[in-house]
Student: 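Structure below; questions to follow.
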Number of protein chains: 2
Amino acid sequence: MRILIVEDTPDVAEAASASLGRAGFACDIAPTLADARACIDITDYAAMVLDLNLPDGSGRDFLRERRRTGDLTPVLVLTAQFSVEDRVGALDEGADDYLVKPFDLRELEARLRALTRREAGRAENRIALAGLDFDAGAQSLRVNGAAVTATRRELALLNLLLANRGRIMPKDRLFDGLFGFENADVGTNTIELYVARLRKKLAGSGVSIETHRGLGYRLDLDG
Amino acid sequence: MRILIVEDTPDVAEAASASLGRAGFACDIAPTLADARACIDITDYAAMVLDLNLPDGSGRDFLRERRRTGDLTPVLVLTAQFSVEDRVGALDEGADDYLVKPFDLRELEARLRALTRREAGRAENRIALAGLDFDAGAQSLRVNGAAVTATRRELALLNLLLANRGRIMPKDRLFDGLFGFENADVGTNTIELYVARLRKKLAGSGVSIETHRGLGYRLDLDG
DNA sequence: CGGGGCATGACAGCTTGATGACAGCTTGGC
DNA sequence: GCCAAGCTGTCATCAAGCTGTCATGCCCCG
């Protein structure tokens with residue numbers, strides 16, 4: 001799950017990025033609308049965090065512009081404390097949620113999880129499938145009832161595959177979901193590596209990751 | 001456990017803060033409703049102590065406002081001696097408890113402990129788990145029957161971890177629970193330090209604190 | 001049988017956490 | 001008030017575990 005944070009205050013942007021990173025999201029930071037547009041052109045995001053007050057324009061205009069071009073990426077808007085009309089206006093413009101600054105990082109995390117899982121058609125963070133039990137909120141994984149430790153990247157990959165269960169995910173798509181621009185120079189072999197590591201941990205769970213040569217990977221029930 | 005004290009008389013606020021600090025709570029003081037709102041936006045509290053008579057408005061209105069926005073943080077209200085209707089009104093507005101000024105600090109402490117443990121779904125201050133026996137009221141700790149001395153911070157950390165047993169607690173969350181704003185500049189290494197100290201004291205108790213790299217710590221039974 | 005894509009073990013760099021020693025400060029006893 | 005004891009948090013150093021690279025060997029497909 002890749003997130004674009006459009007926010008010009010470095011402290012805020014970085015705190016959010018760190019917190020969301022821990023929660024399994026890959027984040028890119030865009031301090032201006034121009035940067036944001038550039039990012040969106042290059043890759044697509046599972047969601048966007050948008051500050052309304054930016055150096056090169058209003059986030060509201062930007063949001064309206066995106067919606068007019070048919071972009072349906074979930075957007076969470078950050079508003080200043082007292083601008084009620086901004087908040088309401090943003091929702092009218094097509095924002096999916098808002099948060100008043102200053103906000104609690106845990107809340108941002110929870111709301112983004114809600115937005116992205118809504119996109120995936122789920123109502124809660126927990127997914128149980130055959131012998132597998134994954135909770136994106138607690139970042140915990142159980143296989144046949146036993147807790148299995150997995151690293152941040154492994155969990156992020158699993159999350160992506162689970163959200164697209166039954167679909168073949170191209171390697172570059174998985175790559176985009178795991179790494180932001182700052183890790184852009186990582187070799188493509190990495191995905192194969194993490195698939196291998198995940199497979200070991202999922203062994204015997206009744207769920208497996210199939211390889212489709214030249215196409216990508218697909219997670220589904222055994223058989 | 002972090003507590004917000006909304007009280008404009010410095011003497012009272014500071015006495016309460018000191019007393020509660022000794023009892024293992026991390027306190028922030030807000031002398032006005034505006035300050036209180038700012039604090040609440042930034043972090044969240046295990047409970048709130050609310051004076052009703054404040055320079056920029058009535059605590060009752062504030063309480064009503066919080067409840068209307070869905071905030072369920074336990075609130076203990078401080079009332080003047082003779083305003084019975086305030087007291088009753090506050091309870092109606094959603095206060096969880098009240099104390100008449102002037103009050104005994106020990107009583108404040110005991111009532112806050114009651115409120116926070118109710119939140120954690122417990123009926124008493126004492127938690128026994130495997131070879132561990134912790135009493136938040138007496139601030140006493142026993143491991144396999146033997147009394148173990150532990151400092152305020154160690155106990156506060158243990159309390160937090162116990163209240164969230166089985167959940168991974170991010171380091172910054174533990175940090176928030178242990179330190180108020182006034183200690184905001186304490187190095188993050190501190191949490192690791194206290195985890196190490198606690199681990200030593202819990203050795204052999206059947207309960208242990210697991211490290212989850214990049215995510216946080218989790219307290220649970222061994223195994 | 002040859003080639004490209006994939007799997008996987010080993011490894012090194014680096015980030016993150018663990019821990020001992022220490023100095024300042026607080027606290028409590030006298 | 002003074003002193004001693006112990007609590008606190010910083011620093012430096014060391015250990016562990018995560019990450020991604022590489023190299024090698026495999027497998028599928030032509």
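First the proteins, then the strands, lettered A, B, ... as listed; each starts at 1.
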Student: Want to settle it: does A:Thr149 or A:Thr188 sit nearer the 5' end of DNA chain D, counting the closest nucleotide to each?
Tutor: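 The 5'-side residue here is A:Thr149.
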Student: Salt bridge or not between B:Asp172 and A:Arg22? Use side-chain N to carboxylate O under 4.0 Å.
Tutor: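 Result for this pair is yes, salt bridge flagged.
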Student: C:dT15 P sits how many Å from B:Glu192 CD, rounded?
Tutor: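 That distance rounds to 16 Å.
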Student: When you check the phosphate oxygens OP1 and OP2 of D:dT8, does a side-chain N or O of B:Thr190 lie under 4.0 Å from one of them?
Tutor: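 For B:Thr190, the contact criterion (side-chain N or O under 4.0 Å from OP1 or OP2 of D:dT8) is not met.
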Student: To the nearest Å, how far apart are B:Asn189 CG and C:dT15 P?
Tutor: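 It is 17 Å, rounded to the nearest whole Å.
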Student: For B:Arg22 and D:dC7, give me the distance from atom CZ to atom C1', rounded to whole Å.
Tutor: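 Interatomic distance, CZ of B:Arg22 to C1' of D:dC7: 14 Å.
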Student: Look at B:Tyr194 and D:dC7 and indicate whether a side-chain polar atom (N or O) is within less than 4.0 Å of OP1 or OP2.
Tutor: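 Checking B:Tyr194 against D:dC7: no side-chain N or O falls below 4.0 Å of OP1 or OP2.
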Student: Hey, is the side chain of B:Arg213 poking within less than 4.0 Å of OP1 or OP2 on C:dT15, counting only N and O atoms?
Tutor: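 Answer is no, no contact under 4.0 Å.
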Student: For a quick test of reading the model: is some side-chain N or O of B:Thr211 closer than 4.0 Å to OP1 or OP2 of C:dA18?
Tutor: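 Yes, such a contact exists.
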Student: Any side-chain N or O of A:Lys171 below 4.0 angstrom from OP1/OP2 of C:dA7?
Tutor: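 So the side-chain polar atoms of A:Lys171 never come under 4.0 Å of the phosphate oxygens OP1 or OP2 of C:dA7.
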Student: Round to the nearest Å and state the distance from B:Gln139 atom CD to D:dC7 atom P.
Tutor: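 Atom CD in B:Gln139 sits about 13 Å away from atom P in D:dC7.
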Student: Tell me, do A:Arg153 and A:Tyr194 make a side-chain contact under 4.5 Å, heavy atoms counted?
Tutor: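 Yes. Closest side-chain heavy atoms under 4.5 Å.
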Student: Please check if any side-chain donor atom of B:Glu7 sits under 3.5 Å from a side-chain acceptor atom of B:Thr9, or the reverse.
Tutor: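 Distance-only check passes for B:Glu7 and B:Thr9.
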Student: Just how far, in rounded Å, is C1' of D:dG17 from NZ of A:Lys201?
Tutor: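 In whole Å, D:dG17 C1' and A:Lys201 NZ are 11 Å from each other.
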Student: Please check if the number of heavy atoms outside A:Asn53 that lie under 6.0 Å from its CG is greater than 12.
Tutor: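 For A:Asn53, atom CG is not crowded (no more than 12 foreign heavy atoms under 6.0 Å).
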Student: DNA chain C: B:Gly216 or A:His212, which has the more 5' nearest nucleotide?
Tutor: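 Comparing both residues, the 5'-ward one is A:His212.
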Student: Measure from CG on B:Leu198 to P on C:dG17 and round the result to the nearest Å.
Tutor: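 It is 17 Å, rounded to the nearest whole Å.
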Student: Rounded off to whole Å, could you give me the CZ-to-C1' distance for the A:Phe179 and D:dT19 pair?
Tutor: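 Rounded to the whole Å, the gap is 8 Å.
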Student: Look at the side chain of A:Arg199 and decide which nucleotide, out of D:dG20, D:dC7, C:dA7, has an atom nearest to it.
Tutor: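 It is C:dA7.
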Student: Could you tell me whether the side chain of B:Arg197 has a donor or acceptor atom within less than 3.5 Å of a complementary atom in the base of D:dG9?
Tutor: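 Under the 3.5 Å cut-off, the side chain and the base do form a donor-acceptor pair.
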Student: For B:Glu154 and D:dG6, what is the distance between atoms CD and P respectively, to the nearest whole Å?
Tutor: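 Distance check: B:Glu154 CD to D:dG6 P gives 14 Å.
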Student: Within the side chain of A:Asn159, is there an N or O that forms a donor-acceptor pair under 3.5 Å with the backbone of A:Met1?
Tutor: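 Judged by distance alone, no pair lies under 3.5 Å.
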Student: Strictly below 4.0 Å: does B:Tyr217 bring a side-chain N or O up to OP1 or OP2 of C:dA18?
Tutor: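 Checking C:dA18 against B:Tyr217, a side-chain N or O does come within under 4.0 Å of OP1 or OP2.
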Student: Would you say the side chain of A:Arg153 and the base of D:dG20 hold a donor-acceptor pair, judged only by whether the two atoms sit under 3.5 Å apart?
Tutor: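 Counting by modelled atom types and ignoring angles, no donor-acceptor contact under 3.5 Å is found here.
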Student: Given that B:Ala150 and A:Asn183 both sit by DNA chain D, which one's nearest nucleotide is further toward the 5' end?
Tutor: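 Of the two residues, B:Ala150 wins.
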